[in-house]
Amino acid sequence: MNKVAIITGSSKGLGAATAKYFAKNNYNVVINYVSSEDKAKELEQEIKDNYKVETLLIKADISKEEDVLKLLNETKNKWGRIDVLVNNAGIAIDTTLEDKTVDNFRRILDVNLIGTFLCCKHVGTYMKEQGYGSIVNISSNTAIDSFYPYSMDYDASKAGVISLTHNFAIEYAPIVKVNTVAPGWINTEMNKELDEDYIKEECKHIMLNRFAEPEEIAETIYFTATSSYLNDSIIKVDGGRYLC
């Protein structure tokens with residue numbers, strides 16, 4: 001039987017690329033979405049057309065505990081195992097400091113941080129009971145050394161994800177591995193809408209002089225998830241971003 005990977009927030013962008021990468025490597029994949037049902041169905045069909053694996057489409061808001069339990073239960077009921085969890089779902093609401101609101105800050109924390117906590121808690125506990133598993137939490141280089149005041153709420157949530165990784169790695173060792181991948185700029189639909197001059201300026205601070213393609217980050221996520229001796233690690237993959 002194929003191994004099974006849950007990819008949260010996988011209807012588009014990095015999540016979709018990650019789902020396809022795992023499918024290419026013979027994993028059955030759970031495609032999770034909240035509102036982008038059409039995109040999720042398109043991805044499901046693409047995977048079915050190109051890879052000999054099974055898929056499961058689950059609508060679930062990971063900031064809600066009952067939805068996370070639904071995600072867990074539907075997956076284990078279909079396949080009876082979960083080998084990999086990729087906590088990819090996340091949101092950003094970039095504004096000036098003056099325009100930042102407590103409600104928006106809380107929403108970002110609910111999805112990016114509490115959602116990751118809930119998935120690690122419930123799926124990770126199941127993995128520990130089954131005797132194996134690997135969790136990859138998606139953080140950001142902005143949680144480490146690339147700060148943007150417009151996204152200070154997002155940055156704070158992603159720094160919290162790194163802290164969660166350390167604690168869950170201790171909690172689940174030696175049975176379940178827990179690691180973090182921290183990407184930099186990625187050529188997703190959202191970032192392609194950035195001002196062209198802004199993109200050029202940002203690329204000047206990246207040693208590889210470009211944004212990553214989603215498939216390049218997906219490759220790193222897959223490596224992190226399947227490595228036999230990688231645990232409690234932070235893999236920063238941002239093309240060598242530096243300040244000058």
Side-chain angles (χ1 to χ4, degrees), residues 1-11 14-34 40 43-44 47-48 51-90 111-112 114-139 161 164-165 167-181 218-233 235:
M1 179 182 176
N2 290 340
K3 293 182 178 180
V4 175
I6 296 175
I7 320 294
T8 68
S10 47
S11 61
L14 176 58
T18 302
K20 286 187 281 188
Y21 203 95
F22 274 87
K24 181 176 71 172
N25 285 278
N26 301 312
Y27 276 73
N28 294 337
V29 292
V30 175
I31 301 168
N32 162 242
Y33 70 98
V34 176
L43 174 63
E44 182 180 41
I47 289 174
K48 287 180 177 179
Y51 308 108
K52 295 180 179 180
V53 299
E54 296 180 20
T55 58
L56 180 60
L57 210 62
I58 302 178
K59 180 178 181 179
D61 180 347
I62 63 161
S63 70
K64 299 176 180 178
E65 190 161 21
E66 61 270 24
D67 281 21
V68 172
L69 290 171
K70 172 188 173 184
L71 186 68
L72 167 63
N73 290 328
E74 289 191 13
T75 304
K76 70 180 184 180
N77 289 343
K78 182 173 179 65
W79 290 306
R81 65 186 294 167
I82 302 172
D83 298 85
V84 172
L85 165 66
V86 179
N87 282 311
N88 168 76
V111 176
N112 298 4
I114 294 176
T116 298
F117 163 74
L118 289 171
C119 289
C120 283
K121 175 185 177 181
H122 292 296
V123 179
T125 296
Y126 174 76
M127 287 176 166
K128 190 172 182 179
E129 291 170 353
Q130 76 180 356
Y132 57 87
S134 178
I135 298 173
V136 180
N137 295 324
I138 306 306
S139 180
V161 166
L164 284 180
T165 296
N167 284 289
F168 275 111
I170 293 169
E171 182 70 20
Y172 292 148
I175 299 169
V176 180
K177 297 171 294 170
V178 188
N179 292 287
T180 296
V181 169
E219 179 184 31
T220 303
I221 293 169
Y222 180 80
F223 163 77
T224 304
T226 58
S227 174
S228 61
Y229 200 66
L230 196 64
N231 196 34
D232 192 26
S233 295
I235 311 299

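Everything numeric here is computed off the predicted structure, so don't read it as measured data. Hydrogens, waters and symmetry mates play no part in the numbers below; they use all other heavy atoms, side chains included.
- Separation of atoms OH (Tyr222) and NZ (Lys24) is listed at 9.5 Å; rounding is to 0.5 Å.
- Judged purely by atom type and a 3.5 angstrom limit, Lys3 has no side-chain atom pairing as donor or acceptor with the backbone of Val84.
- In this structure a side-chain-to-backbone donor-acceptor pair under 3.5 Å is missing from Asn2 to Tyr27.
- Contacts of Tyr172 classified as ring-ring contact (aromatic ring centres under 6.0 Å, His included), with partners at least two apart in sequence or in another chain: Phe168.
- Side-chain contact between Val123 and Ile135: absent, with no pair of heavy atoms (C-beta onward) separated by less than 4.5 Å.
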side-chain contact (heavy atoms from CB on, under 4.5 Å) between Thr226 and Asn25, intermediate numbers included: CA-CA 11 Å; Thr226 58; Asn25 285 278; over 6 Å; no
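- Leu72 CG to Ile6 CD1: the interatomic distance, rounded to the nearest 0.5 Å, is 6.5 Å.
- Summarising the geometry of Trp79 relative to Val4, their closest heavy-atom pair is CE3-CG1, 3.5 Å, with the distance given to 0.1 Å.
- A 6.0 Å sphere centred on NZ of Lys76 holds more than 12 heavy atoms belonging to other residues, nucleotides or ligands.
- Here the side chain of Ser233 pairs a donor or acceptor atom with the backbone of Asn231 at under 3.5 angstrom.
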Thr18/Ile138 under side-chain contact (heavy atoms from CB on, under 4.5 Å): CA gap, chis, key distance, verdict: CA-CA 11 Å; Thr18 302; Ile138 306 306; over 6 Å; no
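- When all heavy atoms are compared, the tightest approach of Asn87 to Cys120 is ND2-SG, 3.5 Å.
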Determine whether Leu69 and Leu118 satisfy the following criterion, side-chain contact (heavy atoms from CB on, under 4.5 Å), listing intermediate values before the conclusion. CA-CA 9 Å; Leu69 290 171; Leu118 289 171; over 6 Å; no
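- Here the CG-CE distance, from Asn26 to Met1, works out to 13.0 Å after rounding to the nearest 0.5 Å.
- Remark: the backbone N or O of Thr55 is not paired with any side-chain donor or acceptor of Asn28 at under 3.5 angstrom.
- Atom-to-atom distance recorded for Tyr126:OH and Asn73:CG is 9.5 Å, nearest 0.5 angstrom.
- The two residues Asp232 and Ala169 make their nearest non-hydrogen contact at CB-CB, 3.7 Å.
- Once rounded to the nearest 0.5 Å, the distance linking OG1 of Thr116 with CD1 of Ile62 reads 5.5 Å.
- Side-chain atoms of Leu43 and Tyr33, non-hydrogen and from C-beta on, never get closer than 4.5 Å to each other.
- Looking at Asn137 and Thr165, their side chains do bring a donor and an acceptor atom within 3.5 Å of each other.
- By the 6.0 Å contact criterion, NZ on Lys59 is open, its count of non-hydrogen atoms from other residues, nucleotides or ligands being 12 or less.
- Nearest approach of Gly124 to Val176, heavy atoms of both residues: O-CG2, 4.2 Å.
- The CD1 atom of Ile58 lies 5.0 Å from the CG atom of Leu71; values are rounded to the nearest 0.5 Å.
- Remark: side-chain polar atoms of Ser11 are not paired, donor with acceptor, to backbone N or O of Ala40 under 3.5 angstrom.
- Ile47 and Ala23 make their closest contact through CG2-CB, 3.7 Å (heavy atoms, listed as atom of the first residue, atom of the second, distance).
- At least one donor-acceptor pair closer than 3.5 Å links the side chain of Asn179 to the backbone N or O of Leu230.
- Under the side-chain contact (heavy atoms from CB on, under 4.5 Å) rule, Thr125 has a single partner from Glu129, Lys128, Met127, which is Glu129.
- Ser10 places a side-chain N or O within 3.5 Å of a backbone atom of Asn32 that can act as its donor or acceptor partner.
- No donor-acceptor distance shorter than 3.5 angstrom exists from the side chain of Gln130 to the backbone of Arg81, with no hydrogens or angles considered.
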